[in-house]
Amino acid sequence: MRIEELLALYASHAAVDSQEMLARALSLPADIRDGSERYSTLVDKLPLPRDPESVIVAGMGGSFIGGLFLQDALYEESSKMIIPLRETGLPGSVNERHLLVAVSYSGNTEETLRVVLEARRRRIPTVAVTSGGLLAKLATEWKIPLVEVPSGLKPRAAFPYMCTALAAVVEAAGLVDGLMLKLKEAAGFLENVKQEVLDAGNSLARWLFEQYEAGNFPVVYSYRPFLSAGYRLKTQINENAKLHAFFSEIPEANHNEIMGWEGPFRFSAVIVRAPGEPPYVHHRMEFLRELLRGRGVKHVEVHAIGENQLQKLLSLFYAFDIASILLALLRGTDPAPTATIDSLKKYLEERIDISREI
Ligand code: PA5
């Protein structure tokens, strides 16, 4: 289906898309290109220690996914460990030889600010990625290198900017070479395969919608180095479509969770696949598919496209982001607001004032 036809198909639902999240999701390749151009000069300019022992990327929710993406993207290539962190504190082993990247789109997320405070106390080199808030203020006051991402977006929709900003940071820290260029090249690839990705996203949205209507909630199965894509689908369904979805990792799920398919269930399954799976992955994924078939579990496979790791990973992000928003529209739900998360943040703000702890 051509892009115009797809948009026409969803036109009657689009009225609920108050912040044009679908248009934003469709522009992922353009936003990656923009981000890689914006941040490419930072590679030589950011005053960061070279060759830290590891890079810890701290953030929550929409500001966590960039770190997980980076870990997958550089799983085989990076000279040092990239550790995504979604906690209120740093592990004791992190010291001044490591680098902390604090990511918070709003700049006001308590968990991430707490990690930054602890890093300051422990003299751990830090760089901030944010669109503003207290994190930007602290970065200026404490002379922490700051990478600004464009404001006015939903955090999860700022993924292309956050991932290109993170790429600039790890390149500046000497973990990898040429990543910004490769991201730009991957953006060009995504433009070329946009139609194919859209079709995949549309089919997945319709399939998920049918499954929800039948009372089945999806478990998304993925494996390294595509965990971030599977996890992204789960969280995007949660936040955009306001529905439960669950995430599971192969091979670990083979040693516990798959037993659940022996009992009663109200789940369906989405299986992430990619070209070039090594045999030890391929056989496990084939077993899983046959197991689900045998147990009568409704399931669908979504295949990455591309010739290198970045292309494959981003093709999945692109399809999944679109699918989650189309699913929201099919349900007549506005993908933008996250009222329950907002009420939690308000509840906590009334009880915990992190600015007083600084
Ligand atoms: O997508 C969202 O809106 C959330 O997952 C937020 O990213 C999360 O609550 C953390 O906020 P922030 O990204 O502003 O640090």
Side-chain angles (χ1 to χ4, degrees), residues 17-22 24-25 28 31 35 56-70 84-90 100-119 126-139 144 146-166 169 228-247 317 320-325 327-328 333-350 352 354-355:
D17 187 3
S18 67
Q19 296 188 38
E20 300 188 342
M21 294 283 280
L22 180 56
R24 194 84 249 164
L28 182 133
D31 289 352
I56 294 106
V57 188
M60 304 302 295
S63 294
F64 168 76
I65 192 70
L68 199 59
F69 167 84
L70 197 70
L85 187 84
R86 44 186 167 179
E87 309 291 342
T88 47
L90 281 163
L100 171 69
V101 193
V103 188
S104 170
Y105 185 77
S106 64
N108 292 322
T109 296
E110 187 215 336
E111 294 93 326
T112 312
L113 289 168
R114 231 167 246 297
V115 169
V116 172
L117 297 191
E118 202 178 317
T126 299
V127 50
V129 177
T130 183
S131 71
L134 189 52
L135 183 56
K137 192 166 163 270
L138 292 180
I144 291 174
L146 170 65
V147 184
E148 281 186 81
V149 289
S151 59
L153 303 173
K154 287 288 164 193
R156 56 196 179 281
F159 164 75
Y161 290 100
M162 296 203 263
C163 82
T164 44
L166 288 175
V169 168
S228 57
Y231 185 68
R232 174 71 165 181
L233 176 60
K234 172 242 181 312
T235 58
Q236 290 288 73
I237 292 174
N238 297 149
E239 291 189 72
N240 291 331
K242 294 34 150 166
L243 285 167
H244 267 305
F246 301 91
F247 170 67
F317 268 69
F320 290 164
D321 283 7
I322 290 168
S324 68
I325 290 169
L327 176 62
T333 303
D334 185 349
T338 44
T340 308
I341 297 176
D342 297 348
S343 68
L344 165 77
K345 287 186 177 176
K346 188 162 176 290
Y347 176 92
L348 291 174
E349 265 165 35
E350 284 162 7
I352 307 165
I354 180 96
S355 64

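Whatever order the structure lists ligands and atoms in, that order sets their numbers, starting from 1.
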Among Ala158, Gly62, Ser63, whose heavy atom sits nearest atom 13 (O) of ligand 1? Ser63

Tell me: protein heavy atom nearest [atom], and distance?
atom: atom 2 (C) of ligand 1; answer: Glu239 OE1, 2.9 Å
atom: atom 11 (O) of ligand 1; answer: Thr109 OG1, 3.0 Å
atom: atom 14 (O) of ligand 1; answer: Ser106 OG, 2.6 Å
atom: atom 10 (C) of ligand 1; answer: Met60 O, 3.4 Å
atom: atom 9 (O) of ligand 1; answer: Lys345 NZ, 2.7 Å

Could you list the atoms of ligand 1 found under 4.0 angstrom from a heavy atom of Arg156? 1 (O), 2 (C), 3 (O)

Numbering as shown, the atoms of ligand 1 that approach Ser104 to under 4.0 Å (heavy-atom distance): 12 (P), 14 (O), 15 (O)

Are any side-chain N or O atoms of Thr130 and backbone N or O atoms of Gly132, one a donor and one an acceptor, separated by less than 3.5 Å? yes

Check whether Ser63 reaches the backbone of Tyr105 with its side chain - one donor and one acceptor, N or O, closer than 3.5 Å. yes

Are any of the side-chain heavy atoms of [X] and [Y] separated by less than 4.5 Å?
X: Pro160; Y: Phe317; result: no
X: Leu70; Y: Val169; result: no
X: Leu153; Y: Arg24; result: yes

Any chance you could measure Leu113, atom CG, to Glu110, atom CD, to the nearest 0.5 Å? 8.0 Å

